[in-house]
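Structure record follows, encoded as C-alpha cells.
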Number of protein chains: 2
Amino acid sequence: MPDSCFAEQLTRHLRLTNAEQAALARLEENPRKVKRGAMIQRVNDPITELFVLRQGRVMSFVILPDGSRQILRVYFPGDFIGSASTIYTRAPESLVAVSDSVICPFDKHALRRLLEEHPRVAALLFLLSNAERVSMTDRLASLGRTSAKARVAAFLLDMFHRLRVTDDSIEDSFDLKLTQEEIGDSIGLTSVHVNRMIRQMEQEGLISRTNGRFRLLDMERLEDIGHYTNRHKDMDLDWLPVG
Amino acid sequence: MPDSCFAEQLTRHLRLTNAEQAALARLEENPRKVKRGAMIQRVNDPITELFVLRQGRVMSFVILPDGSRQILRVYFPGDFIGSASTIYTRAPESLVAVSDSVICPFDKHALRRLLEEHPRVAALLFLLSNAERVSMTDRLASLGRTSAKARVAAFLLDMFHRLRVTDDSIEDSFDLKLTQEEIGDSIGLTSVHVNRMIRQMEQEGLISRTNGRFRLLDMERLEDIGHYTNRHKDMDLDWLPVG
DNA sequence: AATAGTCGTTACGATGGCAAAACGCCTTGA
DNA sequence: TCAAGGCGTTTTGCCATCGTAACGACTATT
C-alpha cells in the first residue's frame with residue numbers, strides 16, 4: 001500500500017512536490033477499520049474530523065423527512081471524504097461504510113495547519129473541489145432530465161471510470177459492491193425500476209453480470225444512452241505549476 | 001456600488017484582510033454590459049477567462065442530445081462564475097445572461113497569480129467551493145427524491161435566501177426574473193407542471209404573485225413542503241483565522 | 001434449521017410529460 | 001390611438017413512465 005492513498009490519487013491528475021506528498025501522507029497516520037454498515041458520521045453531528053478512504057467503499061447520503069434516502073456520493077480508495085465539513089460546524093450529510101473499509105480520520109485543525117504550511121495544497125484542493133462540483137452537475141442533469149435507463153447507464157459508466165482511476169487491475173468487469181436499492185437511491189429510482197432497467201440492458205447485450213460483477217459490453221452504446229461524457233481528457237493539469 | 005461585489009459577498013461569510021480585498025477588487029476592473037439572452041460562454045469553448053457578476057442574472061446550463069436543458073445554477077450579483085473553468089481547458093457548461101447584466105471577465109492566469117500572491121485566498125475559495133458543493137447536494141436530493149411541489153417550494157426558498165445575501169432591500173417579495181420554463185429547467189420539470197404547482201400554491205395561500213414579483217406568505221409551511229434547511233447558521237466562519 | 005438480506009417479478013395506479021390552443025400583456029411602429 | 005407581433009402564461013385531455021405493494025426464490029450467515 002502506498003504511503004498516501006490521497007496523494008497517489010491526486011498525482012493521477014496534478015503534480016505534487018515531495019514535501020507536499022509527505023504532508024498529505026501525515027493525514028493517513030491513523031488508519032481505522034470499519035465494518036460494512038457502520039455509521040461514520042451522522043447528519044448534524046458536530047464536526048471534528050475528516051477522512052481519507054484507504055480501502056473499501058464509503059457513501060454519503062441524506063434521509064428526507066418521508067424516510068426516503070438520497071445517496072450523494074460513493075467514495076473509493078484514495079478519495080478525500082468530508083470536504084463539506086470544512087465550511088460547516090455540523091455535518092450536512094451522513095457517512096456509512098458500504099463494505100468493510102479502512103478509513104483514516106484526521107483532525108479538522110490539522111487540515112488547516114497543512115493549508116497554512118503548504119499554501120499550494122489549498123489551491124490544489126480548490127481545483128479538486130471544482131472537479132467534484134462538475135461531476136455533481138453532470139448528475140444533476142442526469143437526474144433532472146434523463147430517463148431511468150439513461151441514469152443507470154450513466155451511473156455504471158461513472159462508477160467504472162472512477163474505480164479505474166485508483167485500481168489498475170480493472171479491465172472491463174468490476175465489483176460495484178452496491179445493492180440495487182443503493183444504486184436506485186443514488187440516481188433517484190426505486191430498486192424495482194433499477195432492476196427492470198438492468199435486466200433490460202442485459203437482454204439487449206449492453207451489460208452482463210456474473211456473480212455480482214458487472215461487465216460493460218458495449219461502451220459506445222452505453223455512453224450514447226447515458227449521455228455520458230468523460231471529462232478527464234479536458235483536465236487542465238498544468239495550470240498550477242509545480243513548486 | 002462597492003469596489004468588489006465578490007469581496008463584499010465573501011465578507012458576509014468569511015473574514016478578509018484589506019490586501020485580500022484589494023486583490024479581489026482587481027478582478028472587477030473590466031466591467032462589461034451584456035444584454036438579456038446573450039451567450040457568455042458555450043459548452044466546449046476553450047477557457048481563457050472567468051467572471052464576477054456585478055448586476056443582473058446569469059445562469060449556467062447544459063443541453064442534452066435530445067434538446068432538453070438542465071439549468072445548473074442561477075448566479076446573482078457578487079457571485080464568482082466559472083469555478084469549473086479552473087480545472088478544465090474546455091467549458092463543461094454554457095453561460096447566458098438571464099436579464100440585462102454587468103459581468104467582469106478576468107484572465108484565468110490572473111486568478112492563478114492571485115492565488116500565488118495571496119495563498120489564504122486559495123483556502124477561502126476552497127471553502128466557498130465546498131459550500132457550493134453542499135448546496136448542489138441539496139438540489140440533488142430535491143431532484144432525486146421529492147415531488148414537483150416540494151421542488152418548487154425548495155427552489156423559491158433557495159432563490160429568496162440567496163438573493164437576500166447580497167440585496168438587503170429584499171423583505172418578503174422579490175423579482176426572480178425567471179420564466180416558468182427556466183424554473184422548470186432548473187428543477188427538472190416542464191413549464192406546464194411548474195405552472196400547475198405555482199397556481200396550486202397560490203390557491204393554498206402559500207405564495208402570491210403581483211406583476212412578476214413573488215411573495216412567500218407562509219415560510220414555515222413552505223420549508224416543510226420543500227424539505228428546506230437553511231444551512232447558513234451552521235457555517236464555520238472562524239476556522240480559517242484572519243492574516 | 002432458521003433468519004436475514006438481496007434479487008426477481010407481477011399488477012395496479014399516481015405523478016408528471018406532451019401537444020395544442022387560447023389568453024393576456026408588453027413592445028413596436030404607423 | 002390602434003394594430004400587429006412576440007413572449008410568457010394558462011388550461012385541457014391523453015398517456016408514458018415510474019412508484020407501490022406484495023410475494024417468491026435464492027444465498028449467506030448463525
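Just so you know, these numbers use all the heavy atoms, side chains as well, and skip hydrogens, waters and symmetry mates. Order of the sequence lines fixes the chain letters, A, B, ..., with proteins taken first and strands second; residue numbering starts at 1 for each chain.
Between A:E202 and B:G188, the residue whose closest nucleotide on DNA chain C is further toward the 5' end is A:E202.
Following rounding to the nearest Å, B:D185 (CG) and C:dG17 (P) show an atom-to-atom distance of 11 Å. Straight-line distance from the CZ atom of A:R145 to the P atom of C:dC18: 8 Å, rounded to whole Å. One atom, CZ of B:R209, and another, C1' of C:dG24, lie 13 Å apart when rounded to the nearest Å. Atom CD in A:E181 sits about 17 Å away from atom P in C:dA4, given to the nearest Å. One atom, NE2 of B:H193, and another, C1' of C:dA14, lie 11 Å apart when rounded to the nearest Å. Here the C1' atom of nucleotide C:dG5 and the CD atom of A:E182 are 11 Å apart, to the nearest Å. In this entry the distance linking CD1 of A:I183 with C1' of C:dG8 reads 14 Å, nearest Å.
Comment: B:R69 engages B:D185 in a salt bridge, judged by a side-chain N to carboxylate O separation of less than 4.0 angstrom. Ion pairing of A:E93 with B:R133 is present here, as a side-chain N (NZ or NE/NH1/NH2) and a carboxylate O approach within less than 4.0 Å.
At a cut-off of 3.5 angstrom, counting only N and O atoms as typed in the model, there is a donor on one side and an acceptor on the other between the side-chain of B:R196 and the base of C:dG17.
Looking at the side chain of A:Q180, the nearest of the listed nucleotides C:dT9, C:dA11, C:dC7 is C:dC7.
The nucleotide range of DNA chain D contacted by chain A, defined by atoms under 4.0 angstrom from heavy atoms of the protein and reported 5' to 3', is D:dC18 to D:dA21.
For A:R36 and C:dG5, the shortest distance from a side-chain N or O to OP1 or OP2 is not below 4.0 Å.
No donor-acceptor contact under 3.5 angstrom links the side chains of B:R164 and B:H161, judged on distance only. With no hydrogens or angles considered, no side-chain donor-acceptor pair links B:S135 and B:R231 at under 3.5 Å.
How far CG of B:L140 is from CZ of A:R73: 11.0 Å, rounded to the nearest 0.5 Å.
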Residues A:D138, A:Y228; criterion side chain to side chain contact (heavy atoms under 4.5 Å, CB included); working and verdict: CA-CA 9 Å; A:D138 287 340; A:Y228 182 83; over 6 Å; no
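Among the heavy atoms of the strands lying under 4.0 Å from A:S147 are primed sugar atoms or P, OP1, OP2 only; no base atom is included.
Distance alone, capped at 3.5 Å, is enough to place a donor-acceptor pair between the B:R57 side chain and the B:L176 backbone.
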